[in-house]
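Step one of this worksheet: look at the structure below.
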There are 2 protein chains.
Amino acid sequence: MEDAEPKSPQRRRMSGRASVTIRDVARHAGVSVATVSRALRGSDLVHPSTRERVDAAIEELRFTPSQLGRSLAERRHAANGIVFPDLSGPFYAEVVLGYEEVAATLGRSVLILSTQNRESADEMVLDLAGRVDGLAVFGRTVHDDVVAEVVQRGVPVVLMARTEIQGADSVRTENVDAATSVVEHLLAHGHRRMAFLGDPSDSTDVAERWAGFRGALAQAGAEVPERTIRAGFKEDDGARVAAGLVADGLPDVVVCANDELALGLTVALAEQGIQVPGDVAVTGWDDVMAARYAGLTTVRQPMREMGARAARLLDARISGDRSEPRHDVLTTQLVVRRSCGPHPKEAHR
Amino acid sequence: MEDAEPKSPQRRRMSGRASVTIRDVARHAGVSVATVSRALRGSDLVHPSTRERVDAAIEELRFTPSQLGRSLAERRHAANGIVFPDLSGPFYAEVVLGYEEVAATLGRSVLILSTQNRESADEMVLDLAGRVDGLAVFGRTVHDDVVAEVVQRGVPVVLMARTEIQGADSVRTENVDAATSVVEHLLAHGHRRMAFLGDPSDSTDVAERWAGFRGALAQAGAEVPERTIRAGFKEDDGARVAAGLVADGLPDVVVCANDELALGLTVALAEQGIQVPGDVAVTGWDDVMAARYAGLTTVRQPMREMGARAARLLDARISGDRSEPRHDVLTTQLVVRRSCGPHPKEAHR
DNA sequence: CGCTCCTTTGGTACCGGTTACATAAACCGG
DNA sequence: CCGGTTTATGTAACCGGTACCAAAGGAGCG
């Protein structure tokens with residue numbers, strides 16, 4: 001009746017508390033492990049009285065089923081991954097938030113990985129891929145062939161803000177139309193000489209914004225700059241180019257690839273006595289919180305929605321959806337504030 | 001010599017690609033699984049020529065060891081969890097970033113969970129605890145007894161910005177001294193009637209700030225308000241109290257529990273024609289990016305360091321550190337900007 | 001030349017669950 | 001009272017690795 005002879009040589013985990021397993025529960029309740037397992041998953045046919053005994057044993061032993069054992073047997077991780085470059089800045093956090101929210105609702109945990117220029121990023125992504133049922137990858141955090149490898153291993157992948165890859169879904173935000181809106185708005189202000197700050201080779205998004213920018217200028221018959229002013233993504237990068245901009249002669253407006261650049265630039269210009277929008281107009285991209293307080297005209301992107309969308313796409317794939325890859329494009333919105341100059345008629349908040 | 005008779009009735013996974021296991025590799029290389037396992041982990045004693053054969057087989061079969069199988073056998077997840085309330089706002093992202101960075105360096109993946117008032121938060125945390133080797137918990141995201149339960153199960157826990165719990169490490173930021181600095185600075189400005197915006201019952205941090213605030217005022221012989229102006233944590237909450245503040249007669253300064261409150265309040269006041277700092281001074285807490293652009297005087301907290309610290313503490317515990325729980329307190333720094341009024345001598349950036 | 005000792009390798013029992021299949025008990029109408 | 005279902009439970013084979021223990025084959029040595 002009791003658990004008598006201790007036969008296994010080494011017993012339990014040496015450090016920490018002994019973890020109680022499903023077999024302990026079974027013995028304690030006087031049933032088989034199969035029955036305990038059934039009782040555990042609720043659904044099945046177990047006699048009420050038996051279930052009661054099992055529940056009592058579980059309670060008494062403070063048993064918690066091991067996620068590992070379960071996942072191994074079920075051959076699913078019940079977890080999704082998300083890879084992004086940096087997370088610093090207010091931008092990525094929103095994406096992760098949207099992603100986590102949906103994933104959690106769907107009963108999946110979320111594993112995050114920030115590659116931040118780590119040289120071992122590729123391996124880390126491959127490792128991560130081995131721990132999840134699906135993976136969302138933001139921007140160009142990792143080489144195409146690594147993504148391909150992950151896909152090839154049968155792990156569903158959804159790309160965010162990145163050029164499409166064979167066999168993977170993707171979610172992006174609209175860039176060309178938005179750039180056109182920005183340019184048109186600036187033209188309406190009377191601005192003509194426009195510069196673009198950002199590095200198109202940095203990301204698909206920037207490349208598209210630059211293309212849209214040029215296109216709109218050409219369309220309007222305005223002067224189209226040869227090249228962008230190269231810069232990274234941070235406030236520092238924006239600040240760094242201020243001096244050169246002044247030396248080369250200020251344009252009417254600087255369209256920046258993101259808000260941080262625009263804000264950094266604005267501050268650096270002010271330190272040289274140059275006022276925005278008085279002496280030069282500036283626009284950004286993303287509509288981060290600071291943009292509101294700095295009065296920066298920018299383009300709002302539905303970041304949270306992007307994360308949520310990615311999580312839902314992944315869920316569908318994991319659930320067996322074998323249809324053609326989808327490529328969603330989310331719409332963006334011009335947000336006009338004072339950094340682009342005084343506006344005669346536009347709404348201003 | 002070959003793999004001949006297929007005896008197992010159902011073969012492989014039905015959906016998706018067949019996953020190749022260590023036994024496939026063993027058969028292919030003509031060795032035992034033990035040898036493959038050894039070769040895999042590098043370190044062991046395997047004859048170079050054998051290792052070569054195994055590597056070839058691995059390569060050829062495109063074999064990737066299953067993290068699940070490995071974790072189950074090794075009885076470790078090689079993953080840490082982090083639980084926080086919201087992640088929205090620029091604040092938590094920094095914590096997560098610091099945490100992830102250290103955890104990744106230590107070879108641990110990071111699972112995130114945002115509780116955001118989900119009613120099922122408790123279960124979710126318990127579930128998460130079953131998937132990790134250690135857990136960081138931010139603020140009062142979850143009930144004390146749930147944390148206790150996790151600790152009781154033998155999962156190391158480190159609390160962040162939260163009152164201590166028996167058996168768990170904790171990391172906090174300093175609040176009382178900081179509040180004192182804020183008050184002293186404001187007194188030096190000549191401000192006397194000070195109000196405090198925030199809800200001390202919301203978090204330990206706010207409670208301590210409020211206590212420090214009162215203490216410093218009392219110390220200086222200044223008027224000590226009876227109670228705080230209750231509010232949440234968001235810009236909206238700050239905006240909501242503006243009208244009441246005006247109606248009740250403006251104090252000299254409003255010390256806010258965080259930057260978002262301060263910023264929301266400032267904007268709402270401006271809409272009523274009240275200028276900061278001209279008509280009333282305002283200070284915040286956290287030093288988020290927007291605070292810089294809004295010229296908000298605030299207290300900077302080393303959020304990234306807090307995350308990093310938590311990850312390191314957890315690592316030590318997971319590695320078997322059985323010493324007394326540690327309770328680290330990180331120092332904070334007053335950041336003076338223009339929202340507290342014109343400063344005769346102070347440095348200003 | 002026989003006997004230790006060491007290096008490599010194989011066999012196999014785990015880790016902690018799930019589940020197909022077999023079996024036993026209970027129910028049911030004829 | 002009996003064969004046929006239906007329901008409840010047990011047995012054992014997985015899932016995919018790790019690691020202990022034993023065995024095989026040389027090498028070194030008296």
Side-chain angles (χ1 to χ4, degrees), chain A residues 6-16 18-27 29-54 58 61 63-78 127 130-131 133 153, chain B residues 6-16 18-27 29-54 58 61 63-78 127 130-131 133 153:
Chain A
K7 54 174 65 156
S8 45
Q10 81 288 35
R11 216 141 166 66
R12 296 288 171 253
R13 192 172 353 192
M14 60 278 87
S15 76
S19 59
V20 6
T21 79
I22 198 174
R23 302 182 214 257
D24 299 325
V25 175
R27 198 177 319 126
V31 298
S32 72
V33 293
T35 301
V36 177
S37 179
R38 290 188 197 105
L40 230 41
R41 352 223 35 245
S43 49
D44 278 283
L45 330 289
V46 251
H47 194 86
S49 71
T50 310
R51 177 182 305 265
E52 212 167 294
R53 288 219 312 288
V54 173
I58 289 176
L61 269 43
F63 166 73
T64 323
S66 149
Q67 287 295 337
L68 280 178
R70 183 169 278 179
S71 290
L72 185 56
E74 289 179 341
R75 292 146 122 193
R76 60 180 235 121
H77 298 267
D127 176 88
R131 306 171 151 270
D133 300 319
R153 284 188 193 169
Chain B
K7 52 173 68 155
S8 46
Q10 81 289 35
R11 232 165 141 58
R12 296 288 172 254
R13 196 181 339 202
M14 60 279 87
S15 75
S19 60
V20 4
T21 78
I22 198 175
R23 296 173 222 264
D24 298 324
V25 175
R27 199 176 319 126
V31 298
S32 73
V33 293
T35 301
V36 177
S37 179
R38 289 188 199 106
L40 230 40
R41 352 228 32 248
S43 49
D44 276 284
L45 330 289
V46 247
H47 195 86
S49 72
T50 311
R51 177 182 304 267
E52 212 167 295
R53 287 219 311 290
V54 172
I58 289 176
L61 267 43
F63 166 73
T64 322
S66 151
Q67 288 294 339
L68 280 177
R70 183 168 279 180
S71 291
L72 184 56
E74 290 180 340
R75 291 145 124 195
R76 60 182 236 120
H77 299 266
D127 177 88
R131 306 170 150 271
D133 300 319
R153 284 188 194 169

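Every chain is numbered from 1 and lettered A, B, ... according to where its sequence line falls, protein lines coming before strand lines.
- Under the side chain to side chain donor-acceptor pair (under 3.5 Å) criterion, Thr35(A) pairs with Ser32(A), not counting sequence neighbours.
- Protein atom CZ of Arg53(A) is 8 Å distant from nucleotide atom P of dG10(D), rounded to whole Å.
- Side-chain atoms of Arg75(B) and base atoms of dG17(D) include no donor and acceptor less than 3.5 Å apart.
- Summarising the geometry, the separation between CD1 on Ile22(A) and C1' on dC15(D) is reported as 14 Å, rounded to the nearest angstrom.
- Look at CG on Leu40(B): it is 11 Å from C1' on dG16(D), rounded to the nearest Å.
- The line from NE2 of His47(A) to CZ of Arg53(A) is 9.5 Å long, rounded to the nearest 0.5 Å.
- Comparing the start and finish of the helix from dC1(C)-dG30(D) to dG30(C)-dC1(D), five pairs each, the helix axis swings through 50°, to the nearest 10 degrees.
- Listed for the Ser71(B) side chain is a donor-acceptor partner under 3.5 Å among the backbone atoms of Gln67(B).
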Could you run down the sub-3.5 Å N/O contacts of the protein with nucleotides 4-8 of chain D?
none

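- The CZ-P distance, from Arg27(A) to dT11(D), rounds to 13 Å in whole Å.
- Summarising the geometry, atom CG belonging to Leu61(A) is positioned 12.0 Å from atom CD1 belonging to Ile22(A); distances are rounded to the nearest 0.5 Å.
- Residue Arg41(A) places at least one side-chain N or O under 4.0 Å from the OP1 or OP2 atom of dT19(C).
- As a whole-Å value, the separation of Arg23(B) CZ from dG10(C) P is 14 Å.
- As judged by a 4.0 angstrom heavy-atom cut-off over every strand, Gly130(A) is placed among residues making no nucleic acid contact.
- Considering only residues two or more places apart in sequence or on other chains, Glu74(A) meets the salt bridge (Lys or Arg N to Asp or Glu O under 4.0 Å) condition with Arg41(A), Arg76(A).
- As rounded to whole Å, 12 Å separates atom P of dT18(D) from atom CZ of Arg76(B).
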Quiz item: Passes side chain to side chain contact (heavy atoms under 4.5 Å, CB included), Thr21(B) versus Val33(B)? Steps please.
Solution: CA-CA 10 Å; Thr21(B) 78; Val33(B) 293; over 6 Å; no
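- Between Gly30(B) and Glu74(B), the residue anchored nearer the 5' end of DNA chain C, judged by the nucleotide with its closest heavy atom, is Gly30(B).
- In this structure, Arg38(A) places its CZ atom 16 Å from P of dG17(C), rounding to the nearest Å.
- Residue Ser32(A) has no polar side-chain atom (N or O) positioned under 4.0 Å from OP1 or OP2 of dT11(D).
- The two residues Ala29(B) and Val54(B) come nearest to each other via the heavy atoms CB-CA, 4.1 Å.
- Across residues 63-73 of chain A, Leu72(A), Ala73(A) each have a non-hydrogen atom less than 4.0 Å from an atom of DNA chain D (numbered order).
- When every heavy atom of Pro65(A) is checked against every heavy atom of Leu40(A), the shortest pair comes out as CB-CD2, 4.2 Å.
- Across Val20(A) and Phe63(A), no two heavy atoms sit closer than the pair O-CD1, 3.2 Å.
- Residues that satisfy the salt bridge (Lys or Arg N to Asp or Glu O under 4.0 Å) test with Asp133(B), not counting sequence neighbours, are absent from this structure.
- Distance His77(B) NE2 to dG17(D) C1': 15 Å, rounded to the nearest Å.
- Within 4.0 Å of Val31(A), counting heavy atoms only, lie sugar-phosphate atoms of the nucleic acid but no base atom.
- Side-chain N/O atoms of Thr35(A) include none lying less than 4.0 angstrom from OP1 or OP2 on dT9(D).
- Regarding contacts with the backbone of dG16(D), a side-chain N or O of Ser19(B) is found under 4.0 angstrom from either OP1 or OP2.
- When the side-chain nitrogen and oxygen atoms of Ser37(A) are compared with OP1 and OP2 of dG17(C), none of them lie within a distance under 4.0 Å.
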